[in-house]
Amino acid sequence: MSPVIPYTVRPMEARDVPAVAAIERLSFPAPWPISTFWYELTANGTGFYFVLLRPTERPGGGRWKRWLTGMLGLPEETPVIGYVGFRLLNDAEAHITTLAVHPDWRGRGLGELLLLTALESALARDPVRRVSLEARASNEIAQRLYRKYGFRFRRVMPGYYRDGEDAWLMDVEVRETAYRERLAELRRKLEARLSAGRPT
Ligand SMILES: CC(C)(COP(=O)(O)OP(=O)(O)OC[C@H]1O[C@@H](n2cnc3c(N)ncnc32)[C@H](O)[C@@H]1OP(=O)(O)O)[C@@H](O)C(=O)NCCC(=O)NCCS
(Lines give C-alpha, C1' and ligand atoms only; values in the text may rest on other atoms or scores of the structure.)
Protein backbone atom coordinates (compact mmCIF):
# COMPACT_ATOMS: atom_id res chain seq x y z
CA MET A 1 0.00 0.00 0.00
CA SER A 2 1.28 3.48 -0.86
CA PRO A 3 2.10 5.52 2.27
CA VAL A 4 0.07 8.68 2.77
CA ILE A 5 2.25 11.77 2.84
CA PRO A 6 1.13 14.69 4.99
CA TYR A 7 1.82 17.29 2.28
CA THR A 8 -0.35 18.46 -0.61
CA VAL A 9 0.91 19.58 -4.01
CA ARG A 10 -1.68 21.22 -6.25
CA PRO A 11 -1.71 23.53 -9.29
CA MET A 12 -0.83 27.14 -8.40
CA GLU A 13 -3.79 29.54 -8.35
CA ALA A 14 -3.94 33.35 -8.50
CA ARG A 15 -4.60 33.54 -4.73
CA ASP A 16 -1.24 31.77 -4.08
CA VAL A 17 0.85 34.40 -5.87
CA PRO A 18 1.57 36.74 -2.91
CA ALA A 19 2.83 33.82 -0.77
CA VAL A 20 4.84 32.41 -3.67
CA ALA A 21 6.44 35.80 -4.38
CA ALA A 22 7.34 36.13 -0.68
CA ILE A 23 9.18 32.76 -0.76
CA GLU A 24 10.81 33.81 -4.04
CA ARG A 25 12.22 36.95 -2.36
CA LEU A 26 13.63 34.81 0.48
CA SER A 27 15.19 32.37 -1.99
CA PHE A 28 16.81 34.22 -4.88
CA PRO A 29 19.22 37.16 -5.16
CA ALA A 30 17.34 38.39 -8.26
CA PRO A 31 13.74 37.32 -7.55
CA TRP A 32 10.95 37.27 -10.13
CA PRO A 33 8.60 40.22 -9.59
CA ILE A 34 5.02 39.33 -8.67
CA SER A 35 3.94 40.37 -12.20
CA THR A 36 5.96 37.51 -13.71
CA PHE A 37 4.01 34.95 -11.67
CA TRP A 38 0.74 36.61 -12.76
CA TYR A 39 1.89 36.41 -16.36
CA GLU A 40 2.91 32.77 -16.07
CA LEU A 41 -0.47 31.85 -14.58
CA THR A 42 -2.72 33.90 -16.81
CA ALA A 43 -1.10 34.78 -20.12
CA ASN A 44 1.42 32.08 -20.79
CA GLY A 45 -0.59 29.05 -21.89
CA THR A 46 2.52 26.87 -21.94
CA GLY A 47 3.32 27.23 -18.22
CA PHE A 48 2.54 24.66 -15.51
CA TYR A 49 2.97 25.78 -11.90
CA PHE A 50 2.40 23.93 -8.62
CA VAL A 51 2.41 24.86 -4.94
CA LEU A 52 3.30 22.75 -1.93
CA LEU A 53 1.10 23.17 1.14
CA ARG A 54 2.15 22.61 4.76
CA PRO A 55 0.77 19.48 6.47
CA THR A 56 -2.94 19.78 7.13
CA GLU A 57 -3.95 20.18 10.76
CA ARG A 58 -5.96 17.45 12.42
CA PRO A 59 -9.73 18.18 12.44
CA GLY A 60 -10.30 20.83 15.10
CA GLY A 61 -6.54 21.40 15.44
CA GLY A 62 -5.47 25.04 15.16
CA ARG A 63 -9.02 26.23 15.95
CA TRP A 64 -7.84 28.47 18.80
CA LYS A 65 -5.05 29.91 16.68
CA ARG A 66 -7.52 30.73 13.88
CA TRP A 67 -9.94 32.26 16.40
CA LEU A 68 -7.19 34.45 17.91
CA THR A 69 -5.96 35.47 14.44
CA GLY A 70 -9.51 36.52 13.52
CA MET A 71 -10.04 38.35 16.84
CA LEU A 72 -6.80 40.31 16.44
CA GLY A 73 -7.52 41.04 12.78
CA LEU A 74 -4.20 39.48 11.72
CA PRO A 75 -3.74 38.13 8.19
CA GLU A 76 -4.31 34.35 7.97
CA GLU A 77 -1.10 32.31 7.87
CA THR A 78 -0.55 31.04 4.33
CA PRO A 79 -0.33 27.27 3.82
CA VAL A 80 2.09 27.66 0.85
CA ILE A 81 5.64 26.51 1.67
CA GLY A 82 7.11 25.90 -1.78
CA TYR A 83 6.50 25.97 -5.51
CA VAL A 84 7.79 24.75 -8.85
CA GLY A 85 7.00 25.53 -12.46
CA PHE A 86 7.92 24.62 -15.99
CA ARG A 87 7.22 25.81 -19.50
CA LEU A 88 6.83 23.74 -22.63
CA LEU A 89 9.47 25.10 -25.01
CA ASN A 90 8.30 22.93 -27.88
CA ASP A 91 6.72 19.48 -28.27
CA ALA A 92 9.88 17.72 -27.16
CA GLU A 93 11.19 19.86 -24.28
CA ALA A 94 9.97 21.14 -20.94
CA HIS A 95 12.04 23.77 -19.13
CA ILE A 96 11.87 24.11 -15.35
CA THR A 97 11.68 27.85 -14.70
CA THR A 98 11.54 28.02 -10.92
CA LEU A 99 11.76 25.89 -7.79
CA ALA A 100 11.96 26.96 -4.16
CA VAL A 101 11.08 25.80 -0.66
CA HIS A 102 10.56 28.26 2.21
CA PRO A 103 13.84 28.40 4.23
CA ASP A 104 12.07 27.04 7.36
CA TRP A 105 11.03 23.88 5.47
CA ARG A 106 14.23 22.96 3.63
CA GLY A 107 16.18 19.72 4.09
CA ARG A 108 13.10 17.47 4.54
CA GLY A 109 12.71 16.13 1.01
CA LEU A 110 10.25 18.83 -0.10
CA GLY A 111 12.38 20.30 -2.88
CA GLU A 112 12.58 16.73 -4.14
CA LEU A 113 8.80 16.35 -3.96
CA LEU A 114 8.35 19.50 -6.05
CA LEU A 115 10.97 18.51 -8.63
CA LEU A 116 9.41 15.05 -8.90
CA THR A 117 5.97 16.64 -9.42
CA ALA A 118 7.31 18.78 -12.27
CA LEU A 119 9.10 15.84 -13.90
CA GLU A 120 6.03 13.59 -13.68
CA SER A 121 3.78 16.34 -15.00
CA ALA A 122 6.15 17.03 -17.92
CA LEU A 123 6.30 13.30 -18.69
CA ALA A 124 2.52 13.14 -18.75
CA ARG A 125 2.56 15.57 -21.72
CA ASP A 126 3.33 12.89 -24.22
CA PRO A 127 5.82 14.14 -26.79
CA VAL A 128 8.09 15.65 -24.09
CA ARG A 129 11.41 13.83 -24.24
CA ARG A 130 13.76 16.19 -22.40
CA VAL A 131 13.55 18.38 -19.31
CA SER A 132 16.06 21.21 -18.96
CA LEU A 133 16.81 23.95 -16.44
CA GLU A 134 19.42 26.48 -15.40
CA ALA A 135 21.14 26.58 -12.02
CA ARG A 136 23.54 29.17 -10.66
CA ALA A 137 27.15 27.99 -10.95
CA SER A 138 27.46 28.46 -7.16
CA ASN A 139 24.21 26.64 -6.25
CA GLU A 140 25.67 23.27 -5.26
CA ILE A 141 22.58 22.25 -3.29
CA ALA A 142 20.31 22.60 -6.31
CA GLN A 143 22.87 20.93 -8.58
CA ARG A 144 23.05 17.92 -6.22
CA LEU A 145 19.27 17.66 -6.20
CA TYR A 146 19.16 17.76 -10.00
CA ARG A 147 21.90 15.15 -10.35
CA LYS A 148 19.96 12.86 -8.02
CA TYR A 149 17.15 13.06 -10.60
CA GLY A 150 19.47 12.29 -13.52
CA PHE A 151 20.17 15.80 -14.80
CA ARG A 152 23.55 16.22 -16.48
CA PHE A 153 25.61 19.34 -16.95
CA ARG A 154 25.43 20.49 -20.59
CA ARG A 155 27.17 23.85 -20.77
CA VAL A 156 27.94 27.10 -19.01
CA MET A 157 25.88 30.17 -19.91
CA PRO A 158 28.34 32.98 -19.08
CA GLY A 159 26.92 35.96 -17.16
CA TYR A 160 23.35 34.62 -17.48
CA TYR A 161 22.04 36.13 -14.24
CA ARG A 162 21.44 39.86 -13.69
CA ASP A 163 24.28 40.03 -11.13
CA GLY A 164 26.67 38.53 -13.69
CA GLU A 165 26.89 34.98 -12.29
CA ASP A 166 27.16 32.13 -14.78
CA ALA A 167 24.37 29.58 -15.18
CA TRP A 168 24.78 25.87 -15.71
CA LEU A 169 22.41 24.46 -18.29
CA MET A 170 21.42 20.94 -17.22
CA ASP A 171 19.04 18.45 -18.79
CA VAL A 172 17.73 14.91 -18.61
CA GLU A 173 16.11 12.57 -21.14
CA VAL A 174 12.86 11.39 -19.56
CA ARG A 175 11.11 9.11 -22.02
CA GLU A 176 13.17 5.93 -21.59
CA THR A 177 11.58 3.15 -19.55
CA ALA A 178 14.66 3.00 -17.33
CA TYR A 179 14.21 6.66 -16.39
CA ARG A 180 10.49 6.21 -15.62
CA GLU A 181 11.41 3.29 -13.38
CA ARG A 182 14.05 5.41 -11.67
CA LEU A 183 11.47 8.14 -11.00
CA ALA A 184 8.98 5.61 -9.62
CA GLU A 185 11.65 4.24 -7.26
CA LEU A 186 12.64 7.75 -6.15
CA ARG A 187 8.97 8.55 -5.45
CA ARG A 188 8.56 5.35 -3.42
CA LYS A 189 11.61 6.20 -1.26
CA LEU A 190 10.58 9.84 -0.90
CA GLU A 191 7.02 8.99 0.14
CA ALA A 192 8.36 6.56 2.74
CA ARG A 193 10.62 9.34 4.09
CA LEU A 194 7.88 11.98 4.12
CA SER A 195 5.24 9.73 5.66
CA ALA A 196 7.69 8.66 8.39
CA GLY A 197 7.98 12.33 9.35
CA ARG A 198 4.19 12.66 9.58
CA PRO A 199 3.03 14.22 12.83
CA THR A 200 0.89 11.76 14.85
C1 LIG B 1 17.18 23.85 -3.84
C2 LIG B 1 16.01 23.64 -2.85
C3 LIG B 1 14.69 23.74 -3.64
C4 LIG B 1 16.13 22.22 -2.26
O5 LIG B 1 14.99 22.00 -1.45
P6 LIG B 1 15.08 21.17 -0.07
O7 LIG B 1 13.68 20.88 0.33
O8 LIG B 1 15.93 21.87 0.89
O9 LIG B 1 15.84 19.85 -0.58
P10 LIG B 1 15.52 18.35 -0.17
O11 LIG B 1 15.44 18.23 1.29
O12 LIG B 1 14.36 17.89 -0.98
O13 LIG B 1 16.85 17.62 -0.66
C14 LIG B 1 16.90 16.98 -1.92
C15 LIG B 1 18.34 16.83 -2.34
O16 LIG B 1 18.93 18.13 -2.52
C17 LIG B 1 20.31 18.08 -2.09
N18 LIG B 1 20.45 18.86 -0.87
C19 LIG B 1 19.45 19.40 -0.11
N20 LIG B 1 19.98 20.11 0.92
C21 LIG B 1 21.34 20.00 0.80
C22 LIG B 1 22.43 20.53 1.54
N23 LIG B 1 22.25 21.30 2.62
N24 LIG B 1 23.69 20.24 1.13
C25 LIG B 1 23.90 19.48 0.02
N26 LIG B 1 22.88 18.95 -0.72
C27 LIG B 1 21.63 19.21 -0.34
C28 LIG B 1 20.59 16.62 -1.80
O29 LIG B 1 20.96 15.99 -3.02
C30 LIG B 1 19.22 16.11 -1.36
O31 LIG B 1 19.06 14.72 -1.51
P32 LIG B 1 19.39 13.76 -0.24
O33 LIG B 1 18.37 14.14 0.83
O34 LIG B 1 19.20 12.39 -0.79
O35 LIG B 1 20.80 14.09 0.17
C36 LIG B 1 16.05 24.65 -1.68
O37 LIG B 1 17.33 24.60 -1.09
C38 LIG B 1 15.74 26.09 -2.09
O39 LIG B 1 14.59 26.50 -2.14
N40 LIG B 1 16.83 26.87 -2.36
C41 LIG B 1 16.67 28.27 -2.75
C42 LIG B 1 16.10 28.38 -4.16
C43 LIG B 1 16.92 27.60 -5.16
O44 LIG B 1 18.14 27.60 -5.13
N45 LIG B 1 16.20 26.94 -6.11
C46 LIG B 1 16.82 26.21 -7.18
C47 LIG B 1 17.04 27.12 -8.31
S48 LIG B 1 18.02 26.36 -9.61
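Values below: all heavy atoms of this structure, side chains included; hydrogens, waters and symmetry mates excluded. Each ligand, and each atom within it, is numbered from 1 in the order the structure gives.
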Give the residue and atom name of whichever protein heavy atom lies nearest to [atom], and the separation in Å to one decimal.
atom: atom 43 (C) of ligand 1; result: F28 CE2, 3.6 Å
atom: atom 39 (O) of ligand 1; result: V101 N, 2.9 Å
atom: atom 21 (C) of ligand 1; result: I141 CG2, 3.6 Å
atom: atom 8 (O) of ligand 1; result: G107 N, 2.9 Å
atom: atom 15 (C) of ligand 1; result: L145 CD1, 3.8 Å
atom: atom 3 (C) of ligand 1; result: L99 CG, 3.9 Å
atom: atom 35 (O) of ligand 1; result: R144 NH2, 4.0 Å

Taking non-hydrogen atoms only, is [X] closer than 4.0 angstrom to ligand 1 via side chain, backbone, both or neither?
X: Y146; answer: side chain
X: R193; answer: side chain
X: N139; answer: side chain

Report task. Step by step, work out the side-chain hydrogen bond (donor to acceptor under 3.5 Å, both in side chains) result for R87 and T98. Result -> CA-CA 10 Å; R87 278 185 210 142; T98 190; over 6 Å; no
Requested in this report: Determine, for F86 and R125, whether the Lys NZ or Arg CZ falls below 6.0 Å from the six-membered ring centre while staying within 45 degrees of the axis.
Outcome: no
Under 4.0 Å to a heavy atom of [X] - the qualifying atoms of ligand 1, by number:
X: E112; answer: 12 (O), 14 (C)
X: G109; answer: 10 (P), 11 (O), 12 (O)
X: K148; answer: 31 (O), 32 (P), 34 (O)
X: S27; answer: 41 (C), 42 (C)
X: E134; answer: 48 (S)

Consider only side-chain N and O atoms of [X] and [Y], and report whether a donor and an acceptor are under 3.5 Å apart.
X: E134; Y: Y161; answer: no
X: E93; Y: S132; answer: yes
X: R106; Y: S27; answer: yes

Query raised in the report: Which pair of non-hydrogen atoms, one from R182 and one from K148, has the smallest distance, and what is that distance?
Result: NH2-O, 3.1 Å
Can you tell me if [X] has over 12 outside heavy atoms packed within less than 6.0 Å of its [atom1]?
X: E176; atom1: CD; value: no
X: E185; atom1: CD; value: yes
X: R152; atom1: CZ; value: no

I'd like to know if [X] and [Y] make a salt bridge, using a cut-off of under 4.0 Å between side-chain N and carboxylate O.
X: D166; Y: R155; result: no
X: E140; Y: R144; result: no
X: R175; Y: D126; result: yes

Report task. Taking the six-membered ring for Trp and the single ring otherwise, decide whether the centroids of F37 and Y49 are under 6.0 Å apart. Result -> no
Report task. Starting from the C-alpha separation in whole Å, work towards a yes-or-no answer on side chain to side chain contact (heavy atoms under 4.5 Å, CB included) for L41 and M12. Result -> CA-CA 8 Å; L41 282 186; M12 191 186 293; 4.1 Å; yes
Please confirm whether [X] comes within less than 3.5 Å of ligand 1 when only nitrogen or oxygen atoms on both sides are compared.
X: A100; answer: no
X: R108; answer: yes
X: G111; answer: yes
X: R106; answer: yes
X: A135; answer: no

Would you say [atom] has a protein heavy atom nearer than 4.0 Å?
atom: atom 13 (O) of ligand 1; result: no
atom: atom 30 (C) of ligand 1; result: no
atom: atom 17 (C) of ligand 1; result: yes

